[in-house]
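In what follows, residues are counted from 1 in the order of the sequence shown. Please read all numbers here as calculations on a predicted model, not as lab measurements. Below, all heavy atoms of this structure are taken into account, side chains as well, without hydrogens, waters or symmetry copies.
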Amino acid sequence: MFLRKTWVGLFLLTAAAAILRLWQIDSIPPGFHFDESFEGLEAWRILTDPTYRPIFIEGNFGVAPVNAYANAGMFGIFTLFGGEPGPTAMRVTAALFGVLGVLATWLAANELRRLGAPRLTAAFPWLAAALLTTTRWHIHFSRMGIEPILTPLVTATALWLLLRAWRTHSTFAYVSFGVVTALSMYTYQGAWILPFLLAGVWVILWGWAFRQGDGAHAALLRGGVIAGIVAVLGVMPLALTALAQPDLFLLRPEQIAVGGEAATQQSLGESALAYVLMFTPLVQAGDLDPRRNLPGLAALNLWQAIPFWLGVLLAMWRIRQPAYSILLLLLVGLLLPGVLSEYAPHYHRVLGAAAPVALLGGVGLDWIWTLRGEGRGAREGSQERGRGEDLARLRWVGWVSLALLVIGAVVTARDYFVRWAALPDLFYAFDVGLWEIGQEIAAQPANAPVYLTPRSADHPTLAFAWVTRSDSHGAPVTFDGRHVFPLTAGRSAQPEQYVVIEDEDFRTRLLLPELFPDAAVERSLYDWQGRVYANIYVRPAASEPQRNPMTAAFLEVGDGIALTGYDAQTATLEAGRILYVQLYWDVANAPSQDWTVFVHLLKAGDELVAGVDSQPGAGSLPTTRWESSWRILDEYQILLPPDLPAGDYRLSIGLYTTDGARLPADGLGFHIGEVTLE
């Protein structure tokens, strides 16, 4: 009967955790933000390239690989059953990790209850796991396809295995504990502290066993050695990779460390206080990033914070008992990576602390629950009628623990699925517009000319849309319309689409009507506040560009490139201001080299007084991506010295490569015109 009730309880717990983590997973969160799509591309490469098996992922400042491997497997499952790789598949993976984290917390709580903690009742594991199930902090990251959700799972699993090994003296449990400890180093950089914390847990257990004097400390020592050897062997590939590429492993920690090159100026004390306040719902001191939180909201709502802080106080009061000192060690230790880094509180860096937070909250809920038992005992056994009736009332107090769980769950659901999900900021936080643009481009016919400004084609959110589709259009021509504009120089053979992210590129919408008066907006994409996010313009077939250079010229520059003229905005030319020069390049043949352009302002004697050296389009459209029959409007902004005297100056342009090649060959440049400064 007991086992049957346990299995029924686990089924209900799993079902509740799964519902909260999978309901509307295809739309909440929306979009497909940068970090998710980056790991998604890595997962796709792992799935489709048998030679790619990274130990640590380069790019995005270095990423631990377990989540990418798990998503590769999920992509395989989705495609096997007719689904598509993408955000939904990745978020299902995260949801499964979240559900497993709840079950692992239940297992760890069961072992903690048996570890010299007689005050914890049989209800404790259920209360702790239920609290984690309904915590918005854990639910939130169980629905995002990034790796932090692995940290509470490996934390609870490792704690369960260590405590079970201590209780049973099982060699298999010690080996399993070593494996999970090693695995934690491959999950998330915020989990790199976990092996040290687990070593601390082992020390607490060994010291307690030694004081008991029953010889258990000797078995624990042997088991610790076994687990340590397994963990060291498991971490060895990662350690060797770190030795070979130390800069990659240190890049992210160096960037976010408090006191380093962090973007915020918080002291350690201020950072530590921020992590205390993140569990205090009476103040608006939570994470401000809408991608990670309902801005400013505490990680726990009031109904969950009450048992958590009660559990912390009880653990501090009972700190000499190992179960409670272990929980306090894990709580402080798993918050430490956040304390030592910028933007405190930063919810996903410290997500591993969700496991000890739930266990400490379970301690508080369990203490309230025990009042129910004391009240019942008083009613049945008290010989003083008045005192017995007073104590009997306590049994109703015990039900407060369940009320706190239920109310906390309702508030969590409202805050996440109603308040947070309706935030207009999520459109930008989760790259909703970019994901829609990527899918729109991927769905175009393969031979359709498509241009995109100002984002690069290697942005993961965009790239994922066309990399993972077998019938995809492929990457469009990308450029930054604030600096450059490519077009077919003559009559266009077919319609050409220009996808312009109006929210970022303010220049292209002004230039297009001058170049193509007949171009029309085929479709507009709007953000969640009703503003135009992007427009898709169509240049009609057989149309010709209408804009010509203000100063015509024709210079055969070389490597398939000719200069046909330029525009120089000289009407307001003054010392200390900017001279805008737009060059008109015609491309007869695709250039063979990556040329850097220089635009120099010279005075008499060819003395350089101002100028710019840059790849075309401020680097957004290098010459190796130019195509034959193109015309390219390429703008350069020359800041004039504030003490530049009035007079006549000459404009000189030329091209060069890093290996010393120059156009023209003498390196002096082409003198293309004169500018007068009055």
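The backbone N or O of Leu238 sits less than 3.5 Å from a side-chain atom of Tyr186, completing a donor-acceptor pair. Between the side chain of Thr187 and the main chain of Ser184, a donor-acceptor pair closer than 3.5 Å is present. Of the possible polar contacts, none joining the Asn71 side chain to the Met74 backbone as a donor-acceptor pair under 3.5 Å is found. A donor-acceptor pair is defined here as one N or O able to donate and one able to accept, closer than 3.5 Å; such a pair exists between the side chain of Asn67 and the backbone of Gly145. Under a 3.5 Å cut-off, the side chain of Asp431 and the backbone N or O of Phe34 do form a donor-acceptor pair. Side-chain N or O atoms of Ser472 include none that pairs as donor or acceptor with a backbone N or O of Thr468 at under 3.5 Å.
Between the side chains of Tyr343 and Arg349, not a single donor N or O lies within less than 3.5 Å of an accepting N or O. For the residue pair Asp26/Thr88, the side-chain donor-acceptor check at 3.5 Å is not satisfied. Arg136 and Asn293 form a side-chain donor-acceptor contact under 3.5 Å, judged by distance and modelled atom types alone.
The side-chain heavy atoms of Tyr188 and Leu150, taken from C-beta on, include no pair separated by under 4.5 Å. Residues Leu310 and Ile368 have side chains in contact (heavy-atom distance under 4.5 Å, counting atoms from C-beta outward). Contact annotation: the side chain of Val357 approaches that of Trp137 to within less than 4.5 Å [non-hydrogen atoms, C-beta and beyond]. Between Met90 and Ile146, the closest side-chain pair of non-hydrogen atoms is not below 4.5 Å. Annotation: side chain of Thr135 is not in contact with side chain of Phe308 (no heavy-atom distance under 4.5 Å). With a 4.5 Å cut-off on side-chain heavy atoms, Thr14 and Trp106 do not count as touching. For the pair Trp166/Leu162, no side-chain contact is recorded, criterion being any heavy-atom separation below 4.5 Å from C-beta on. At least one side-chain heavy atom of Leu10 sits under 4.5 Å from a side-chain heavy atom of Trp7.
Across every non-hydrogen atom of Ile204 and Pro322, the tightest pair is CG2-CB, 3.9 Å. Closest approach of Ala323 to Leu115, counting heavy atoms only: CB-O, 4.0 Å. Contact record, Leu13 with Leu103: CD2-CD2, 4.4 Å, taken as the closest heavy-atom pair. Heavy atoms only, all atoms of each residue included: Arg291 and Asp289 are closest at N-OD1, 2.9 Å. Shown here for Met185 and Pro195, the closest heavy-atom pair between the two residues is SD-CG, 3.6 Å. Among all heavy-atom pairs drawn from Leu314 and Trp367, the shortest one is CD1-CB, 3.5 Å.
Judged as a ring pair (Phe, Tyr, Trp, His ring centres under 6.0 Å), and not counting sequence neighbours, the contacts of Phe430 are His33, Trp420. Among residues two or more places apart in sequence or in another chain, the ring pair (Phe, Tyr, Trp, His ring centres under 6.0 Å) test is passed with Phe32 by Trp435, Phe464.
Phe38 CZ to His459 NE2: the interatomic distance, rounded to the nearest 0.5 Å, is 12.0 Å. Taking CZ of Arg143 as the reference point, atom CZ of Arg21 lies at 9.5 Å (rounded to 0.5 Å). Here the CG atom belonging to Leu331 is positioned 6.0 Å from the CZ atom belonging to Phe279, to the nearest 0.5 angstrom. The line from CD of Glu436 to OG1 of Thr461 is 12.0 Å long, rounded to the nearest 0.5 Å. From Ile226, atom CD1 reaches atom OG1 of Thr171 across 4.5 Å, with rounding to the nearest 0.5 Å. Rounding to the nearest 0.5 angstrom, the gap separating the CG atom in Leu313 from the CE atom in Met316 is 7.0 Å.
The cationic atom of Arg292 (NZ for Lys, CZ for Arg) does not lie both less than 6.0 Å from the six-membered ring centre of Tyr347 and within 45° of the ring axis.
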(request) Any chance you could lay out the side-chain contact (heavy atoms from CB on, under 4.5 Å) test for Thr151 and Leu194, step after step, and finish with the verdict? (result) CA-CA 9 Å; Thr151 315; Leu194 189 57; 5.5 Å; no
(message) Determine whether Leu330 and Leu359 satisfy the following criterion, side-chain contact (heavy atoms from CB on, under 4.5 Å), listing intermediate values before the conclusion.
(response) CA-CA 10 Å; Leu330 291 176; Leu359 291 166; 5.8 Å; no
(request) Test Thr134 against Trp303 for side-chain contact (heavy atoms from CB on, under 4.5 Å), laying out the working first. (result) CA-CA 11 Å; Thr134 56; Trp303 316 101; over 6 Å; no
(request) Decide yes or no on side-chain contact (heavy atoms from CB on, under 4.5 Å) for Leu100 and Thr157, but give the supporting numbers first. (result) CA-CA 9 Å; Leu100 290 174; Thr157 303; over 6 Å; no
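Around OH of Tyr52, the count of heavy atoms belonging to other residues, nucleotides or ligands within 6.0 Å exceeds 12. Annotation: Glu84, atom CD; neighbour count of heavy atoms from other residues, nucleotides and ligands within 6.0 Å does not exceed 12.
Between His346 and His348, the ring planes are perpendicular. Angles over 60° get that label, and only those under 30° would be called parallel.
With respect to Leu159, the side-chain contact (heavy atoms from CB on, under 4.5 Å) criterion is satisfied by exactly one of Leu107, Leu112, Thr105, Val180: Leu112.
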